[in-house]
Amino acid sequence: MCGIAGEVTFGKRRPSRESVARMCERLVHRGPDEGGFHVSPQAVLGIRRLKVTGLVNGSQPVANSAGTAFCVFNGEIYNYRELKAGLERDGYVFKTNTDAEVVIHLYDRKGEGFVKDLRGMFAIAIYDEVKKRLLLTRDRAGKKPLNYTFTPDGSVVFASELHALVSHPSVRRRVNTEAVDRFLSFRIIPAPLTIYGDVFKVEPATVLTFDERGMERKKYWRFDFTERETAADEGELIRKMTGLLREAVEVRLRSEVALGALLSGGLDSSLVVSIMSRLVSDPVHTFSIGFQDKQFDELRYARLVSEHCGTVHHEHVITPDSALGVIHELLLNFGEPYAFPSAIATYFMNHLARQFVTVVLTGDGADELFCGYNRYKTFDSLTDLLERGDLPVKVDRELLGGACGDISVQYQSVLTDGLRDSVKRRLYSKAFRERLGAEFPANYLRERFARTGGLMHRLDRAMEVDCNFWLPDAQLVKIDITSMANSVEVRCPMLDAKLIEFVTGVGVRHKLAGGNEKQILKRLAANFLPAEIVNRRKQELAVPLEHWLTSSLRGEITRTLLSEESLARGYFDPDRLTEFVGNYGEADSYAVWTLYILEVWHRTAAAEAPFHGAESEGRSLLLAR
């Protein structure tokens, strides 16, 4: 695993090796083992490398046979041996035994279509000196991040992480107000936006090409939940799925360094550990975290799975103080506000794992593919409930309003744990509302649902939206950033391309039936795990935030949000923010946490004010109080 960065110019100015080196210095945690550069009159490519395969001769950047195209690559290509054999039959000669060299020769052979042959996780940058072209691309699901920007002089700068990218002296740190608004709703910033107005994320399954004429974007793959696997015998579906999942785990065991697994005690990670344990000769090292609050503590279930699978098990208990202690580091590495407290738990799990292994497998991705979130059940029954006027407590009644026929509004009502639109309207300052413009509040999910097939089942549409939005922007970025902060490589068998294409074609009736989520996966897992694990109530990996925010962390949260610096930020009306923060309870915990993360990020990032007069308006309101 690696961190990559670079600068490509399309005019007379030469790119800055010093600036790319500065970006790479900020990516050392992603690749502590070695670094490398390619320098030419129009391109500087840089990399920090974590050695997992090709320990002796796997250095990057790598070049094609003619020395005219150069590549830096972050990720793992699990079918690289098979691809290499095919390229050798075509006459390509390899100097290394790494997947990075396979990537550049495959590009040489097939052009930008090479990505369709890759089975794995990746973020890739290729500069072609003959075509004077830069190519940036990411894997299908979006496991590996990549960000880019255009500088005022027309250069393209890219990097794996935002904080590295904005260290380039030509990159502006102007805050994007639309991104702030979306963050406050969803607790994340969906791609292609970033917190910075001039910086963007490369979207999953997308190839971007840059040359002197500008940028071209092509989508090379998409999640498709249209039912295709129509076998009447569910047993046959389970047999096929078992074979694909076993193969997905097996190819992810290819490594020249020690492997382990993150084990939450839930169904998905437990199933991966069970299959993994059957494929290796030595006991698997497993890693779990727990809490003093027993309501959130899953260590008992993780121990049960460890005993069942014969793993060497390791545990760590998180306290409120230790959780708060890593927030600044996490926000620095995310590079933008990110308010999912489960990132804290994932960070500590990877920190524990790094003491024993370099690579871990996880069960991430199964919820989005197998209809695993509790919100899917609520969403599925929402139409009937709306007609009866019998809304569940979890549903945002204010959000629904009069738009009960709009599927995107219905879904957001069960999805949002950030600030409701009514709360944002009340808290926003006049200047910030004006900056957002007439489109506030924007219905971001309406566009996402419009891209799905209108004839598909509503749950298939919701899962497809989640796979293109929630999965990469909320879940996979968390996995990548928290693991790479600890120099750990995470591999996700549930998100294997072959498995995805099979599972997305399985009808929703096999996934959610009678209120039983992940039905077909549970039936598969019954062949591998104790019934207590298979049938237990789902509990997402989280921290006891509601309790912490109303007890041990309340003082810190209140002091931060009601400080002069926070009240003068310009986003919010100081009086209304003071009232909201001063009186919050457990029901407001995620909203308050989201506000807190935005303020702490600002102090970490030293970003530019998002609009002129923001601070002055906030300060004048503060002084008038």
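Because the structure is a prediction, the values reported are computed rather than measured.
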Which word best sums up how the rings of Trp221 and Phe223 line up, parallel for under 30°, tilted for 30 to 60°, or perpendicular for over 60°?
-> perpendicular
Any side-chain donor near an acceptor of the partner, Thr209 and Glu112, under 3.5 Å = no
Ring centres of Phe158 and His168 under 6.0 Å apart?
-> no
Should Lys498 and Asp496 count as an ion pair when the cut-off is N to O under 4.0 Å?
-> no
For the rings on Phe449 and Tyr411, is their centre-to-centre separation under 6.0 Å?
-> yes
Donor-acceptor contact below 3.5 Å, side chain Lys84 vs main chain Glu101 = no
What closest approach, in Å, do Thr504 and Glu501 show between heavy atoms, and which atom pair accounts for it?
-> OG1-O, 3.5 Å
With ring centroids as reference points, do Phe94 and His105 lie under 6.0 angstrom apart?
-> yes
Looking only at heavy atoms, what is the nearest atom pair of Pro15 and Ser40, with distance?
-> CG-O, 4.0 Å
Distance under 6.0 Å and angle within 45° of ring axis: Arg187 vs Phe340 | yes
Salt-bridge criterion met for Glu464 and Arg222 (N-O under 4.0 Å) = yes
Under 4.5 Å between any side-chain heavy atoms of Asn350 and Val490, yes or no?
-> yes
Neighbour count above 12 (heavy atom, 6.0 Å) for Arg22 CZ = yes
Closest non-hydrogen atom pair between Phe70 and Thr68, with its separation = CE1-C, 4.0 Å
Just by distance, with hydrogens left out, do Lys218 and Thr206 show a side-chain donor and acceptor under 3.5 Å apart?
-> no
Lys143 bridged to Glu489 by N-O distance under 4.0 Å = no
Sequence neighbours left out, what pairs pass salt bridge (charged side-chain N to carboxylate O under 4.0 Å, His left out) with at least one residue falling in residues 156-167?
-> Arg30-Glu161
Polar side chain donor-acceptor pair, Glu336 to Tyr196, under 3.5 angstrom = no
At what distance, to the nearest 0.5 angstrom, does CZ of Arg433 lie from OG1 of Thr177?
-> 14.0 Å
Is the Phe210-Phe10 ring centre distance short of 6.0 angstrom?
-> no
Identify whether the distance between the nearest side-chain nitrogen and carboxylate oxygen of Glu7 and Arg13 falls below 4.0 Å.
-> yes
Output field: ring centroids Phe432/Tyr571 closer than 6.0 Å | yes
